[in-house]
Amino acid sequence: MVHTPSGPRTVALVGPYGSGKSTLFEALLAAAGTKLARGAERGGYDLRVAHTAFMGEPCALIDCPGSVEFAHATEHALAIADLAIVVADHAPGRAQTLSPLLHTLHRFNLPFLVFLNHIDSLTHPVHETIAALQPFARCPLVQREIPIRDGDAISGFIDVISERAYSYRDEQTHGAPPASLAAHEQEARAGLVEVLADHDDALLEKLIEDVTISSAEIYRQLRADQAAAQVSGVLFGAADRGWGIFRLWKALRHDTPSGEETAARRGVAADGPPLVQVFRTQHTGQGGKLNWARIWRGPLKDGAQIGGTRLGGIAKFPAGESTKVAEAQSGEVAALARLEAATTGSILGDPNGAKLIVPAALPPVHALAIATADRKDDVRLSSALQKLREELPGLAVSHSDIGETIVAGQGELHLRAALERLANGFGVAVSSHAPAIPYRETIRRAVHQHGRLKRQTGGHGQFADVTLDIAPLPRGSGLKFVDKIVGGAVPRNYIPAVGEGAEDAAKRGVFGYPVVDIEVTLVDGGFHSVDSSDMAFRTAARQAVQEALPKADPVLLEPVDHVTVTVPQTYTPTAQRLLTGRRGQILGFAENPDWPGWDDVEGLVPAADLPGLIIDLRSQTMGLGTYRHRFDHLAEVHGKAAAAVQRAAG
């Protein structure tokens with residue numbers, strides 16, 4: 001098959017934690033003659049980007065985090081990639097762990113190859129793993145290789161298309177396939193051709209007429225189908241032993257769409273000013289802010305105006321080490337400096353109708369309240385959190401009504417990485433604890449209360465007299481103030497102060513929490529022409545409400561959230577048990593409309609019982625389950641739960 005060189009391409013490596021993805025990343029670079037820079041050898045929660053070339057053709061490799069908690073980083077990398085390598089364990093029982101990744105690839109319509117790793121420990125037929133993976137892929141998975149055994153050990157493979165046998169020892173051809181595997185090889189080849197014939201009439205006609213189909217024809221159609229994300233080839237090897245790496249590089253060289261092809265599929269016009277998409281943001285201390293971007297249309301020169309800002313430097317990363325360049329060409333990946341307004345996901349330049357993929361923000365599922373040891377560091381913390389949100393787009397920062405700074409993200413590991421980055425990257429150490437639950441109070445019965453303030457302190461005194469009716473309101477009503485004064489018992493100019501006094505009293509009820517869903521009605525009062533004032537009436541009203549609340553049968557309220565848990569259908573009962581075990585009320589479940597084979601389980605769960613849900617959910621669903629939640633209503637807290645909250649409040 002004749003290969004036509006193409007421009008720079010970008011390949012993202014994705015796979016579950018423990019699949020050997022980062023080892024494969026390093027093995028691919030080593031096979032291309034690229035040695036990783038010191039400090040870039042190990043992956044973690046961040047993307048690793050390295051520029052390299054194989055057989056003279058440039059390629060940017062992106063090693064994506066394996067943990068589901070950093071899926072936001074992976075999605076941004078996939079949004080700008082030409083092709084993904086899905087690194088998988090060869091065990092069929094682990095196939096389901098790839099479901100979220102395959103679902104994302106389908107949503108992005110991104111071509112991908114599957115690399116079955118650790119083939120040296122294979123104990124079962126490869127086709128069983130492919131069959132286990134197929135239900136989670138939206139396109140056919142086609143087997144491109146057959147393992148060759150030497151006794152109990154794997155010694156090489158057969159290329160199904162070229163019908164040649166290779167040894168893993170040197171990945172050199174050893175001639176025709178072993179006779180013992182000929183029938184198996186022919187069966188796999190026929191299956192591959194049948195899948196490709198579904199997309200090519202000429203190939204289908206030859207298949208029907210039993211005409212010999214050449215390897216070149218198969219390669220050509222496979223390349224076209226794979227570039228269109230209509231089929232995905234399955235290869236295998238052992239990254240830690242260097243097995244299958246050269247063969248994988250050859251497949252990438254032939255089958256990865258060029259940056260120009262991907263841009264065309266995304267609707268990017270070939271002509272026009274530079275257009276780039278940021279997929280990673282990094283704050284580098286002395287080096288300032290870097291935005292890693294795909295150049296959909298170039299060239300982009302250093303010093304050019306883009307996104308309303310003058311570009312202050314361009315860098316590439318051969319072996320993960322920064323090297324400045326004067327310009328970046330179409331299809332390349334580069335780090336852009338001093339684009340202060342740009343963040344992860346930013347499109348710089350006019351897309352002019354192009355359908356570029358910008359991943360949606362992921363809803364947080366785990367939260368911590370953080371605080372600095374010294375209040376003088378609060379300003380630095382605010383600045384650091386802003387930068388941290390740019391680096392970790394799955395992170396959310398908010399402030400509670402009691403003044404806590406809340407950092408919310410995708411799980412324990414995600415938040416641990418955030419706090420480590422705060423301390424080591426931005427020099428702001430913080431303590432953390434579970435956020436306070438926003439309990440509220442209300443009352444069950446109405447109370448008629450008189451309040452009187454009379455003080456004489458020399459000169460003008462303070463005088464105010466109010467009579468209030470305090471009554472419960474339906475849930476969700478908040479606090480309502482009503483004026484029913486007649487005959488001028490309280491002058492009109494003092495009445496707003498009575499409402500303000502009621503609001504003051506409602507800030508802290510009998511149990512120490514804000515009071516809601518009550519109506520405070522001013523029905524009578526008295527005043528003094530000299531000693532009355534706004535402050536006097538505000539104080540009298542506050543004291544009257546405070547005295548009334550203990551008499552009004554106060555009750556504690558807790559926030560209850562509407563929770564939607566999304567899991568594979570095999571784990572639907574597990575999700576239901578987890579919710580009911582957290583005082584949850586199951587509302588029902590149904591198949592997720594966008595995700596065949598997955599269910600959405602809906603329920604109402606007290607917010608106090610949500611912390612830790614994502615940890616238990618992932619641990620009991622092979623890391624696959626997730627959930628989203630929103631405030632639904634306030635409900636009375638009963639029994640031991642109420643007593644525990646009241647004791648904690650003092």
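Because only heavy atoms are used, hydrogens play no part in the values below, and waters and symmetry mates are left out as well, while side chains stay in. Starting from 1, each residue takes its place in the sequence as its number.
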Participant: Under the rule for side-chain contact (heavy atoms from CB on, under 4.5 Å), what residues qualify as partners of L419, not counting sequence neighbours?
Facilitator: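 For L419, the residues satisfying side-chain contact (heavy atoms from CB on, under 4.5 Å) (neighbours in sequence not counted) are L368, I370, L422, V430, S432.
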Participant: Do the side chains of R189 and E194 get close enough for a salt bridge, i.e. N-O under 4.0 angstrom?
Facilitator: no
Participant: Using the side chain to side chain donor-acceptor pair (under 3.5 Å) rule, collect all pairs that involve residues 79-88, keeping only residues at least two apart or in two chains.
Facilitator: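 Sorted result for residues 79-88: D82-T262, D82-R294.
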Participant: In terms of side-chain heavy atoms, does D240 have a donor or acceptor partner in T23 at a distance below 3.5 Å?
Facilitator: no
Participant: Quick one: does any side-chain atom of W249 pair with a main-chain N or O of A31 as donor and acceptor, under 3.5 Å?
Facilitator: no
Participant: Report yes if the side chains of W243 and D120 come closer than 4.5 Å at any heavy-atom pair, otherwise no.
Facilitator: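 Yes, side chains in contact.
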Participant: Check the side chains of Q620 and D616 for a donor-acceptor pair under 3.5 angstrom, ignoring hydrogens and angles.
Facilitator: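 Note: D616 and Q620 side chains miss the donor-acceptor criterion.
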Participant: Verify the distance criterion only: is there a donor paired with an acceptor across the side chains of S214 and E217 at less than 3.5 Å?
Facilitator: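 Note: S214 and E217 side chains meet the donor-acceptor criterion.
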Participant: Among pairs that include at least one residue of residues 75-103, which meet ring pair (Phe, Tyr, Trp, His ring centres under 6.0 Å), considering only residues two or more places apart or in two chains?
Facilitator: H90-H124, H103-W595
Participant: For D89 and S19, does a side-chain donor sit closer than 3.5 Å to a side-chain acceptor?
Facilitator: no
Participant: Would you say the side chains of D599 and T572 form a donor-acceptor pair under 3.5 Å?
Facilitator: yes
Participant: I'd like to know if R48 pairs up with D63 as an ion pair, taking the criterion as any Lys NZ or Arg NE/NH1/NH2 lying under 4.0 Å from an Asp or Glu carboxylate oxygen.
Facilitator: yes
Participant: Is there a donor-acceptor pair closer than 3.5 Å between any side-chain N or O of Q226 and the backbone N or O of G233?
Facilitator: yes
Participant: Could you tell me if Q277 and W296 have a donor-acceptor pair between their side chains, going purely by distance under 3.5 Å?
Facilitator: yes
Participant: Just so I know, are the side chains of Q143 and V126 near enough to count as touching, which here means a heavy-atom distance under 4.5 Å?
Facilitator: yes
